[in-house]
Amino acid sequence: MTINKPRSRFAPSPTGEPHVGNMRTAIFTWLFCRHYGGEFILRIEDTDQARKQDGALESIINGLRWLGLDWDEGPETGGSHGPYFQSERLELYQNASNILIENNWAYKCYCTPEELTEMRQNQQKQKLPPQYDRRCRNADTSDKAAKNLPYVIRFKIPENIDTIVVDDLIRGRVEFQNTLLDDFVLLKSDGFPTYHLANVVDDHEMEISHVLRAEEWLSSTPKHLLLYKAFGYTPPAFAHLPMILGNDKSKLSKRHGATSILEYQTNGYLPDAMLNFLVLLGWSLDDKTEIFSLENLINVFTIERIGKSPSIFNTEKLNWMNSQYIKTSSDNYITSAITTILSDYCETNMIELETPITQDAITTVLDILKERIKTINPEEMWPVCNFFFETPEPNEQQRLLVKSKASLSSEIYEEAINTINSIDDFTEEKIEISLRKLLEKYECKPRDLFGTIRIAITGKEVSPPLFITFEILGKTRSIERMQRFTKYLSVAT
RNA sequence: GCCCCUAUCGUCUAGAGGCCCAGGACACAGCCCUUUCAAGGCUGAGAUCGCGGGUUCGAAUCCCGCUGGGGGCACCA
């Protein structure tokens, strides 16, 4: 496919949180534009007065920015084809529908919502397809016009056309029967356009060459094609993207868990991981590559490699992807992110800290943390590294566990403290060598001694490897903790 | 009800007539490493390529039918 400098758009409506499915469309469109050296346009389709939501626009913008998607034209950036809010382009749509009326491609319809509902109910009773019966199409409506009654403008589906062919970039040739098409509404009674009118007018005005949108739009594409024809415009190329479904194969919705991209942000997913995961839903490069840098993605992303069938959003794989990005992400970036997240967490939970959470402190525990987490969610991170910040206190179960260690004696434990104390070069390697010598001398099992010390200095049976933990904690704090723990050993057994 | 799209391991997918009694990844199991966890490495299980017909010397790949799944049929986008 030879594509030269395409102009493509992402056109969300500000009716709620930015859905991951929509964001995947944005990612594909953005990648497509960047790959072919084209322009990516953000257009806000705010023509539904009723469903418009405060803050939704900000959420969409935040979501896009978080993923690292920038737009060449649109809100905040401006551009030569503005305005980029449909609510500011009303005149354009009104003119367009007037032109259509003048050229006999549209007509005014005075049917009330109640009439239409009744009509549809009757059709359903008779098992007929719900469709506008065109009662205003040929009837004389001049009396209603004279009374200034509210009206909508409907498109006049031509009667001399058989089939409409959509040449989809992903699905190929798709045929539709013209007679099955409804005389759909172009302009609502409040003077706002419907999606059908607005997207055609704007895509033309904004010189959009390629439309990438979700599959749910495929069946209304013939309507759009007819509109392009009525206006005498050349339609853009269309690519209808496969949907993203939940784990029960139904359309991804709230009951499947998080659907807003921003929820993933707050749940501890990294934007690069999220993007990488999402791009692999419906697109693949080959039979093996899973991890892509953004730069590489721009290089290799083509429409030809987009699949046709819907895919299921698999959180397990997202988690794995995220853990891969955590392991390889730059220390600077992740350290400051984690520092903020954990200090907020401790503050809101009023956790009493032995050591404050600082960049330096996080840097110290970073390596052992990165290897063990799948998200940078505080709930997941805190148990892994809290030993460094909180004073450990063994629970009842742990005290009993320590006493059950058969090959452990208070002698070896005391000598372990002295040994630790005598190490000047307090490194993982030195500590290990010294402590292992004790094992031989006292014929103590590694798990008995090390397991006990682990509880003493971390307050947990499960922790990062002991010797690195010593090193991280430092000599002073390690000895302090070991000594404080002595009492749990010396109590008579 | 009508129209449209779609169909390879549980999931994401590779596969465009012989390279495939189907490859990779996630998840799963076992082993190795090992002071616990994690990471990593290795091995394994897992798909008669939804089903049935064709076409062909040969089909996961092409055609038809069926079935399953998804989407659409608003003064919502």
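What's counted below: heavy atoms across the whole structure, side chains too, no hydrogens, waters or symmetry copies. A, B, ... follow the sequence lines: proteins, then strands. Residue 1 opens every chain.
- Glu175(A) comes within 4.0 angstrom of the backbone, heavy atoms only, and of no base.
- Residue contacts for Lys327(A): at a heavy-atom cut-off of 4.0 Å it reaches the sugar-phosphate backbone alone, with no base atom in range.
- Across all strands shown, Ser284(A) has heavy atoms under 4.0 Å from sugar-phosphate atoms exclusively, and none from any base.
- Note on Arg305(A): only backbone sugar-phosphate atoms sit closer than 4.0 angstrom, heavy atoms only; bases stay farther off.
- Nucleic acid contact for Pro465(A): base, since at least one base atom lies under 4.0 Å from a heavy atom of the residue.
- Below 30°, between 30° and 60°, or above 60°: for Tyr413(A) and Phe485(A) the angle between ring planes is between 30° and 60°, a tilted geometry.
- At most 12 non-hydrogen atoms from other residues, nucleotides or ligands lie less than 6.0 angstrom from NZ of Lys437(A).
- Neither OP1 nor OP2 of C3(B) sits under 4.0 Å from any side-chain N or O of Ser219(A).
- At the phosphate of A77(B), neither OP1 nor OP2 sits under 4.0 Å from any side-chain N or O atom of Arg43(A).
- Counting any heavy atom pair closer than 4.0 Å across all strands shown, Ser220(A) reaches no nucleic acid atom.
- Looking at the side chain of Ser311(A), the nearest of the listed nucleotides C12(B), A25(B), U11(B) is C12(B).
- Atom CZ in Phe467(A) sits about 6 Å away from atom C1' in U35(B), given to the nearest Å.
- An OP1 or OP2 oxygen of G72(B) is reached within less than 4.0 angstrom by a side-chain nitrogen or oxygen of Lys251(A).
- When the side-chain nitrogen and oxygen atoms of Ser309(A) are compared with OP1 and OP2 of C5(B), none of them lie within a distance under 4.0 Å.
- Dashed line: the shortest gap from a side-chain N or O of Lys308(A) to OP1 or OP2 of U8(B) is not under 4.0 Å.
- Following rounding to the nearest Å, Gln49(A) (CD) and C76(B) (P) show an atom-to-atom distance of 10 Å.
- Rounded to whole Å, the distance from CG on Leu218(A) to P on G72(B) is 11 Å.
- Looking at Arg89(A) and Glu205(A), no side-chain N of the basic residue comes within less than 4.0 Å of a carboxylate O on the acidic one, giving no salt bridge.
- Checking A74(B), A77(B), C12(B) against every side-chain atom of Arg51(A), the shortest atom distance belongs to A77(B).
- No engagement by Pro383(A) is indicated, since no non-hydrogen atom pair under 4.0 Å with the nucleic acid exists.
- Using atom P as the reference point in both G53(B) and A60(B), the two lie 14 Å apart (nearest Å).
- Pro464(A) comes within 4.0 angstrom of a nucleotide base, judged by non-hydrogen atoms across all strands.
- Rounded to an integer number of Å, the gap from Leu466(A) CG to U34(B) P is 16 Å.
- One P atom belongs to C28(B), the other to G1(B), and the distance between them is 41 Å to the nearest Å.
- Counting any heavy atom pair closer than 4.0 Å across all strands shown, Gly282(A) reaches sugar-phosphate atoms only and no base atom.
- Candidate nucleotides C3(B), U35(B), C26(B) were compared by shortest atom distance to the side chain of Phe176(A), and C3(B) ranks first.
- In this model, a side-chain donor or acceptor of Ser189(A) finds a partner on the base of C75(B) within 3.5 Å.
- Relative ring orientation between Phe277(A) and Phe313(A) is described as perpendicular, the plane-to-plane angle rising above 60° on a 0-90° scale split at 30° and 60°.
- Contact annotation: Lys188(A) reaches the phosphate of A77(B) (side-chain N/O to OP1 or OP2, under 4.0 Å).
- Using C1' as the reference atom, A47(B) and U35(B) are 42 Å apart when rounded to the nearest Å.
- If you check every strand for non-hydrogen atoms under 4.0 Å, Glu45(A) touches sugar and phosphate atoms only.
- For the residue pair Asp48(A)/Tyr195(A), the side-chain donor-acceptor check at 3.5 Å is not satisfied.
- Other residues, nucleotides and ligands contribute at most 12 non-hydrogen atoms within 6.0 Å of the CG atom of Asp54(A).
- C75(B) atom C1' lies 12 Å from atom CG of Asp182(A), rounded to whole Å.
- Taking only side-chain nitrogens and oxygens, Gln324(A) comes nearer than 4.0 Å to OP1 or OP2 of G40(B).
- In the set A74(B), G70(B), G10(B), the nucleotide with an atom closest to the side chain of Asn314(A) is G10(B).
- Nearest-nucleotide positions on RNA chain B for Asp286(A) and Leu128(A) put Leu128(A) closer to the 5' end.
- OP1 or OP2 of U35(B) sits under 4.0 Å from a side-chain N or O of Arg436(A).
- U6(B) atom P lies 6 Å from atom CZ of Arg171(A), rounded to whole Å.
- Counting any heavy atom pair closer than 4.0 Å across all strands shown, Cys109(A) reaches no nucleic acid atom.
- Between Phe450(A) and Phe467(A), the ring-plane angle classifies as perpendicular under the 30° and 60° cut-offs.
- Taking atom C1' in both G40(B) and G72(B), the straight-line distance is 48 Å, to the nearest Å.
- Taking atom P on both nucleotides, G30(B) is separated from G69(B) by 35 Å, rounded to a whole Å.
- Counting non-hydrogen atoms of neighbouring residues, nucleotides and ligands closer than 6.0 angstrom, the CD atom of Gln49(A) exceeds 12 such neighbours.
- Across the C1' atoms, G52(B) and C9(B) are found 23 Å apart, a figure rounded to whole Å.
- Between G70(B) and Ser250(A), no contact under 4.0 Å exists linking OP1 or OP2 to a side-chain N or O.
- Contact of Arg372(A) with C37(B) (side chain to base): a donor-acceptor pair of N or O atoms is detected under 3.5 Å.
- When heavy atoms are screened at a 4.0 angstrom cut-off, Pro129(A) is found touching base atoms of the nucleic acid.
- A salt bridge links Asp183(A) with Arg134(A); the closest basic N to acidic carboxylate O contact falls under 4.0 Å.
- Following rounding to the nearest Å, Phe292(A) (CZ) and A25(B) (P) show an atom-to-atom distance of 14 Å.
- Toward the 5′ end of RNA chain B lies the nearest nucleotide of Leu281(A), the other residue of the pair Leu281(A) and Arg154(A) mapping further downstream.
- Put simply, CG on Asp183(A) is 12 Å from P on A74(B), counting in whole angstrom units.
- At the heavy-atom level, Lys374(A) lies under 4.0 Å from the strands shown only through sugar-phosphate atoms.
- Arg447(A) contributes no side-chain N or O that forms a donor-acceptor pair with the base of U36(B) under 3.5 Å.
- Residue-level contact check: Glu316(A) touches the backbone only, with heavy atoms under 4.0 Å from sugar-phosphate atoms and none from bases.
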